[in-house]
Amino acid sequence: MNRRFSPGMIPGRSLHNDCSPSPGHYFTASPQQPQGCGSANDPVSAGESLLPLGAPVLNWPTRLPPSMASDTPESLMALCTDFCLRNLDGTLGYLLDKETLRLHPDIFLPSEICDRLVNEYVELVNAACNFEPHESFFSLFSDPRSTRLTRIHLREDLVQDQDLEAIRKQDLVELYLTNCEKLSAKSLQTLRSFSHTLVSLSLFGCANIFYEEENPGGCEDECLVNPTCQVLVKDFTFEGFSRLRFLNLGRMIDGVPVESLLRPLSSLAALDLSGIQTSDAAFLTQWKDSLVSLVLYNMDLSDDHIRVIVQLHKLRHLDISRDRLSSYYKFKLTRKVLSLFVQKLGNLMSLDISGHMILENCSISKMDEEAGQTSIEPSKSSIMPFRALKRPLQFLGLFETSLCRLTHIPAYKVSGDKNEEQVLNAIEAYTEHRPEITSRAINLLFDIARIERCNQLLRALKLVITALKCHKYDKNIQVTGSAALFYLTNSEYRSEQSVKLRRQVIQVVLNGMESYQEVTVQRNCCLTLCNFSIPEELEFQYRRVNELLLSILNPTRQDESIQRIAVHLCNALVCQVDNDHKEAVGKMGFVVTMLKLIQKKLLDKICDQVMEFSWSALWNITDETPDNCEMFLNFNGMKLFLDCLKEFPEKQELHRNMLGLLGNVAEVKELRPQLMTSQFISVFSNLLESKADGIEVSYNACGVLSHIMFDGPEAWGICEPQREEVEERMWAAIQSWDINSRRNINYRSFEPILRLLPQGISPVSQHWATWALYNLVSVYPDKYCPLLIKEGGLPLLRDMIKMATARQETKEMARKVIGHCSNFKEENMDTSR
């Protein structure tokens with residue numbers, strides 16, 4: 001038999017009245033009651049890069065994972081790319097010396113395919129748990145005669161010096177290296193190989209690329225003090241990079257001589273110096289006739305910097321924003337500075353001054369503000385200096401400034417904290433390169449989703465998913481992002497979400513659980529999973545989610561709230577799946593883990609929801625799975641059953657769950673001899689008289705004994721209690737049950753019951769089986785009449801009526817079952833044709 005929760009009900013009781021996650025604190029509540037066992041377009045910019053979203057003046061590429069682009073089915077190109085990357089040595093290449101990948105000699109791949117292969121490979125490594133990187137992957141692209149690379153985006157620790165060296169013969173036009181901390185000065189020399197073709201280059205966060213080993217192989221004494229033996233490279237310049245127009249050096253380490261490094265570049269169009277401190281910015285004026293985008297995020301500015309910036313008259317995008325929580329900035333933005341920007345930078349279309357403290361009052365008084373609808377016309381601007389603008393800005397960054405709360409802001413897109421639109425613009429603009437800002441913006445989105453209603457749900461979901469994928473090792477992003485997902489995926493928004501989008505949510509949630517072993521993150525993720533229909537929506541990641549939950553349920557972990565949520569999820573996951581799934585999960589350690597949880601609770605003398613859910617989960621996973629039933633017996637399950645019964649005699653829910661599980665064990669003929677002891681039979685017999693949980697405990701105890709009786713008198717290998725005595729108690733129990741009792745049980749198949757009908761060796765077993773069928777088809781005819789008819793139950797009942805050994809009352813009950821099913825068939829007969 002199989003038992004599951006009814007829709008909207010968690011076994012035992014409501015888990016908690018309030019399950020709200022908090023991005024800044026541990027959750028202390030339990031999961032919200034799931035619906036039915038767990039149910040809860042604009043392109044997304046991958047980050048602000050050298051040109052933020054909203055500044056369309058440069059085609060500075062921002063990359064969105066292809067799977068996030070829309071809710072349409074995956075293209076054939078995407079499917080083929082994914083398949084090839086997961087089967088490299090069987091499709092594109094072969095293994096040389098069992099280690100090195102080599103491209104098949106008869107393959108030629110154009111740049112469109114090669115670029116996609118590399119960029120998708122990076123995505124898979126960073127986002128897919130079941131994808132293993134190949135050490136020699138980049139060697140597939142070593143020969144430009146058979147492969148062509150032009151635009152590639154590499155990130156994180158995936159990329160090492162030898163990988164860039166492998167592709168040094170390629171004519172790269174665009175190379176993005178983001179947070180590639182394993183790259184050293186060897187890669188600087190490799191970059192020279194691309195100097196004649198490179199147009200766009202990002203070295204954002206590549207902190208070690210300007211370091212090299214000092215006296216390689218010969219610094220034994222110094223290595224005792226400095227094990228890395230690394231020194232800063234100061235003589236590298238971009239000499240020879242004649243085509244380079246777009247350069248991102250964000251978060252470069254201190255000490256790199258930026259001015260001399262950049263001097264050879266004659267025609268820069270976009271430059272990002274985020275986080276770099278330089279007291280003299282005069283060198284920027286060498287590009288005053290070409291520079292259209294300048295990012296100086298978190299640079300400690302001065303009046304001298306402003307004087308240089310306003311000379312860059314071609315600027316269309318200027319970003320002088322800062323992280324408000326950084327305390328070392330002395331510069332204060334004034335009304336005069338904003339007026340200078342408007343006056344001197346006539347081409348400006350995008351400006352970001354987020355995080356700045358405005359020293360003077362730049363806003364119009366409330367009385368002087370023009371009434372009426374919000375306007376983006378400069379002449380009505382609530383920010384006085386911007387009234388001189390010739391046209392509205394495409395983008396204005398005002399996140400964590402007082403200006404974002406004004407009424408009339410002359411910009412088509414504004415990042416800020418005033419409303420949902422501004423918050424989403426902030427997440428969209430800052431995700432890739434500014435996780436410290438993004439986490440705070442997502443925290444604001446969390447509050448919006450929790451307190452109000454999110455009006456741009458799909459956009460919000462996609463932005464949070466992108467942030468979580470981009471920063472899977474950033475604690476703040478993972479905490480705030482997973483908390484926001486809980487509210488963005490609840491039942492209120494479910495109709496607006498496609499299957500594909502909800503699967504993307506599940507993927508990033510599991511990534512977070514896997515990558516960040518932190519209680520708050522894992523609790524947020526588990527709560528978010530409770531918003532999904534379980535097991536249906538999680539089946540595509542069935543093995544993975546079970547493995548993660550079982551690791552959470554390791555008894556050494558003492559966080560009770562997360563254990564309670566995780567064991568509920570485990571129970572739901574094995575509730576309505578086929579036997580192959582259950583057997584696979586059993587082999588993963590599910591049965592043993594639940595028994596360990598029960599044993600721990602028993603030692604602590606605590607019967608709580610974790611204890612009850614654990615027995616419930618064992619009941620579900622042993623349904624029609626003999627291997628799991630045997631595992632339960634082999635790991636002292638019966639001893640735990642007896643101990644729990646003794647320690648918690650009044651816990652009705654617990655008794656029902658335990659007896660339901662033992663009913664599954666008793667259905668396995670090969671295991672029934674292990675139940676044939678005086679102690680066990682006495683316990684089952686005594687439970688026949690139990691009134692706990694209606695008839696459920698008594699019914700399940702009688703079911704266990706019915707299967708044991710079915711083996712005949714010769715299998716009754718005990719003296720006490722006697723078989724006849726137990727039979728009498730079973731008859732008495734069955735006669736005491738109300739045939740109209742509503743049930744906390746769910747049968748997927750009647751096969752274990754039906755096998756008790758065509759036999760004469762145990763009339764009481766036959767009677768119990770007939771009573772069970774009568775009760776179910778009477779109370780739930782729509783569900784169980786079709787099931788009984790489908791599984792051939794009616795012929796078996798008719799044959800039983802003819803048997804001389806069957807009791808008369810059993811035959812009468814069988815006739816009523818047949819009558820119910822016959823009436824059901826007539827009432828539901830199709831008469832439309």
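Under 4.0 Å is where a charged nitrogen must lie from a carboxylate oxygen, and between Arg502 and Glu496 no such pair does. Between Asp627 and Lys582 no salt bridge is recorded (no basic side-chain N to carboxylate O distance below 4.0 Å). Remark: Arg86 does not engage Glu132 in a salt bridge, criterion side-chain N to carboxylate O under 4.0 Å. Between Glu583 and Lys587 there is no salt bridge, since no side-chain N of the basic residue sits under 4.0 Å from a carboxylate O of the acidic one. Salt bridge Glu547/Arg544: absent, no basic N to carboxylate O contact under 4.0 Å.
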side-chain hydrogen bond (donor to acceptor under 3.5 Å, both in side chains) for Asn571 and His568? Distances and angles first, verdict last. CA-CA 5 Å; Asn571 196 2; His568 157 65; 6.0 Å; no
Verdict with supporting geometry, Asn775 and Arg742, side-chain hydrogen bond (donor to acceptor under 3.5 Å, both in side chains): CA-CA 8 Å; Asn775 166 252; Arg742 302 193 70 82; over 6 Å; no
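For the pair Ile681/Leu675, no side-chain contact is recorded, criterion being any heavy-atom separation below 4.5 Å from C-beta on. Here the side chains of Met730 and Ser706 are in contact, with some heavy-atom distance below 4.5 Å. A 4.5 Å side-chain heavy-atom check between Ile695 and Arg743 finds at least one atom pair inside the cut-off. In this structure, Asn524 and Gln478 have side chains that are not in contact, with every pair of non-hydrogen atoms separated by 4.5 Å or more. Taking 4.5 Å as the limit, every side-chain heavy atom of Thr625 sits out of range of all side-chain heavy atoms of Asn664. Looking at heavy atoms from C-beta onward, Ser762 lies out of side-chain contact with Leu756 at the 4.5 angstrom threshold. Using a 4.5 Å cut-off on side-chain heavy atoms (C-beta onward), His581 and Glu539 make contact. By the 4.5 Å heavy-atom criterion applied to side chains, Lys472 and Glu514 are not counted as neighbours.
Ring pair Tyr780/Tyr784 is perpendicular by interplanar angle, where above 60° counts as perpendicular and below 30° as parallel. Between Tyr699 and Trp768, the angle of the ring planes lies from 30° to 60°, which puts this pair in the tilted group. Taking the six-membered ring for Trp and thresholds of 30 and 60 degrees, Trp615 and Phe632 have ring planes more than 60 degrees apart, a perpendicular arrangement. By the 30° and 60° cut-offs, the orientation of the rings of Tyr121 relative to Phe131 is perpendicular.
Donor-acceptor pairing under 3.5 Å is lacking for the side chains of Thr489 and Gln497. Arg494 and Ser533 are linked by a side-chain donor-acceptor pair at a separation below 3.5 angstrom, with hydrogens and angles left out of the test.
The two atoms that bring Pro133 and Leu158 nearest to each other are CB-CD1, 4.4 Å, heavy atoms only. Taking both residues in full, the closest heavy atoms of Ala617 and Val574 are given as O-CG2, 3.9 Å, listed atom of the first, atom of the second, then distance. Nearest approach of Gln563 to Val610, heavy atoms of both residues: C-CG2, 4.2 Å. Between Asn657 and Ser616, the shortest heavy-atom distance links the atoms ND2-CB, 3.7 Å. What you find for Ala701 and Leu688 is that their closest heavy atoms are C-CD2, 4.1 Å. Heavy-atom minimum distance, Arg748 versus Val577: NH1-O, 3.6 Å.
By the 6.0 Å contact criterion, CZ on Phe83 is open, its count of non-hydrogen atoms from other residues, nucleotides or ligands being 12 or less. For Tyr473, the OH atom sits in a loose shell: 12 or fewer heavy atoms of surrounding residues, nucleotides or ligands are nearer than 6.0 Å. Counting non-hydrogen atoms of neighbouring residues, nucleotides and ligands closer than 6.0 angstrom, the CD atom of Glu135 reaches no more than 12 such neighbours.
To the nearest 0.5 Å, atom CG of residue Leu661 and atom CZ of residue Phe641 are 9.0 Å apart. Note: Cys570 SG to Leu618 CG = 10.5 Å, rounded to the nearest 0.5 Å. Separating the CD1 atom in Ile598 from the CZ atom in Phe613 is a distance of 13.0 Å, to the nearest 0.5 Å. Note that the CD atom of Gln504 and the NZ atom of Lys469 stand 6.5 Å from one another [nearest 0.5 Å]. Taken to the nearest 0.5 Å, the CE atom of Met813 stands 8.0 Å off from the CH2 atom of Trp771. For the atom pair CG (Leu488) and OG1 (Thr528), the distance works out to 9.0 Å, reported to the nearest 0.5 Å.
Of the residues Glu647, Glu612, Glu560, the one that meets the salt bridge (Lys or Arg N to Asp or Glu O under 4.0 Å) test with Lys601 is Glu560.
Under a 3.5 Å cut-off, the side chain of Asp578 and the backbone N or O of Asp580 do form a donor-acceptor pair.
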